[in-house]
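All remarks here apply to the structure that follows.
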Amino acid sequence: MGVVGAGVLVVGATGAIGGLAAGQLTERGIATALAGRDRHRLEKRAAALGGRPRRVFDAYDLNGCARLAPWAAGVLGGLDAVVVAVGVAGFGSVAEVSDASAEHLLTVNALAPMAVVRGSLGVLSPGGVVAVVTGEIVDRPARGMGDYAAAKSALAAWLGVAGREVRREALQVMDVRMPHLDTGFAARAVVGTVPALGPGADPAEAVREHLVVPVLDALDRR
Ligand SMILES: NC(=O)c1ccc[n+]([C@@H]2O[C@H](COP(=O)([O-])OP(=O)(O)OC[C@H]3O[C@@H](n4cnc5c(N)ncnc54)[C@H](OP(=O)(O)O)[C@@H]3O)[C@@H](O)[C@H]2O)c1
């Protein structure tokens, strides 16, 4: 089965990585549906891609997260893949970060993506793909990023188990450990100040290599 016309939901399409993924997938003939928090940016992005269907959601509404994939399957007439690029950064030592900030980081970086994926499992077509952006932080948790690293590591562990559990249904779960990119993500941290991170990789190239090409290849192999 080819990839042209396949239905793909991009969650976090208002962000840098999600926006690039939505653009690159749409360019390749994929029927995308976009979800994001910022209504204005979502409308602009959907319009720029030729008027793609869109839905606003917030990570704190986990039921709303779980309803995204069923919505996309409905508007696209089927769903072949889900891309999740939702997240927020947070900095500070484990002693400094407040419980409220820790809850925010865990909710946006772990619970919300998990709810999106859980909601997709009943509606993805056979051979469907789930690709969720975690990050290299999972392999190299750094000082001053304990709560962010814990959230991403929780998500990565969950995705690993999910992948094994759904293999029998011919679904594929990808944990996309994206390298540090120049998207301004760290500067939008919900808590703390950004440490010196060094230059990041080119976002468009990294999204193509680590996210879009693997998803298209997996869909093509079905
Ligand atoms: N940039 C990097 O260096 C890097 C490296 C590895 C992994 N990652 C991961 O890649 C993902 C995207 O990063 P990015 O660079 O594209 O950053 P970004 O441009 O800041 O995008 C973040 C995305 O998360 C969404 N989001 C944040 N809080 C939300 C909430 N409460 N409810 C719903 N959506 C919310 C944003 O929605 P709105 O814009 O609509 O508010 C946006 O779509 C994150 O999970 C990040 O951890 C990034």
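Nothing fancy with the numbering, it's 1 onward along the sequence. In each ligand, atom 1 is the first atom listed, and ligand 1 is the first ligand listed.
Side-chain atoms of R45 come within 3.5 Å of backbone N or O of A13 as a donor-acceptor pair. Remark: side-chain polar atoms of H180 are paired, donor with acceptor, to backbone N or O of G198 under 3.5 angstrom. D182 places a side-chain N or O within 3.5 Å of a backbone atom of G200 that can act as its donor or acceptor partner.
Between D139 atom CG and T134 atom OG1 the span is 7.5 Å, to the nearest 0.5 Å.
Between G18 and ligand 1, no N or O atom pair is found at a separation short of 3.5 Å. The N/O atoms of I17, backbone and side chain alike, include one that comes under 3.5 Å of an N/O atom in ligand 1.
With V117 as reference, V130 is the one residue of V82, L155, V130, V166 to meet the side chain to side chain contact (heavy atoms under 4.5 Å, CB included) rule. Between Q172 and the options R167, R221, R222, a side chain to side chain contact (heavy atoms under 4.5 Å, CB included) holds for only R221.
Of all protein heavy atoms, the one closest to atom 9 (C) of ligand 1 is V133 CG1, 3.5 Å. For atom 17 (O) of ligand 1, the closest heavy atom belonging to the protein is F185 CD1, 3.1 Å. Considering only non-hydrogen protein atoms, atom 20 (O) of ligand 1 sits nearest to R188 NE, 2.9 Å.
In D58, the parts holding a heavy atom less than 4.0 Å from any atom of ligand 1 are both the side chain and the backbone. Only the side chain of V108 comes within 4.0 Å of ligand 1, judged by heavy-atom distances.
Evaluated by nearest non-hydrogen atom to atom 22 (C) of ligand 1, the leading choice among A206, G87, C65, A201 is G87. Within the set P179, G135, A21, the minimum heavy-atom distance to atom 4 (C) of ligand 1 is found for P179. Of all the listed residues (P113, G15, A13), G15 holds the heavy atom that lies closest to atom 42 (C) of ligand 1.
For ligand 1 and K152, the ligand atoms under 4.0 Å from any heavy atom of the residue are 44 (C), 45 (O), 46 (C), 47 (O). Atoms of ligand 1 lying under 4.0 Å from at least one heavy atom of G12, given by number and element, are 43 (O). Short contacts between ligand 1 and H180, defined as distances under 4.0 Å to a heavy atom of the residue, involve ligand atoms 3 (O). Short contacts between ligand 1 and T183, defined as distances under 4.0 Å to a heavy atom of the residue, involve ligand atoms 1 (N), 14 (P), 15 (O). The Y148 neighbourhood of ligand 1 comprises atoms 46 (C), 47 (O), with distances under 4.0 Å to a heavy atom of that residue. Interface atoms of ligand 1 facing R41, defined by a heavy-atom separation under 4.0 Å, are 38 (P), 39 (O), 40 (O), 41 (O). Short contacts between ligand 1 and M178, defined as distances under 4.0 Å to a heavy atom of the residue, involve ligand atoms 5 (C), 6 (C), 7 (C). Within the listing of ligand 1, atoms 33 (C), 34 (N) sit less than 4.0 angstrom from a heavy atom of F57.
Taking 4.0 Å as the cut-off, A85 counts as a neighbour of ligand 1 on heavy-atom distance. In this structure, T134 has a heavy atom closer than 4.0 Å to ligand 1.
Ring pair F185/Y148 is tilted by interplanar angle, where 30° to 60° counts as tilted.
L216 is connected to I17 through a chain of hydrophobic side-chain contacts under 4.5 Å among Ile, Leu, Val, Met, Phe, Trp and Tyr, so both are in one cluster.
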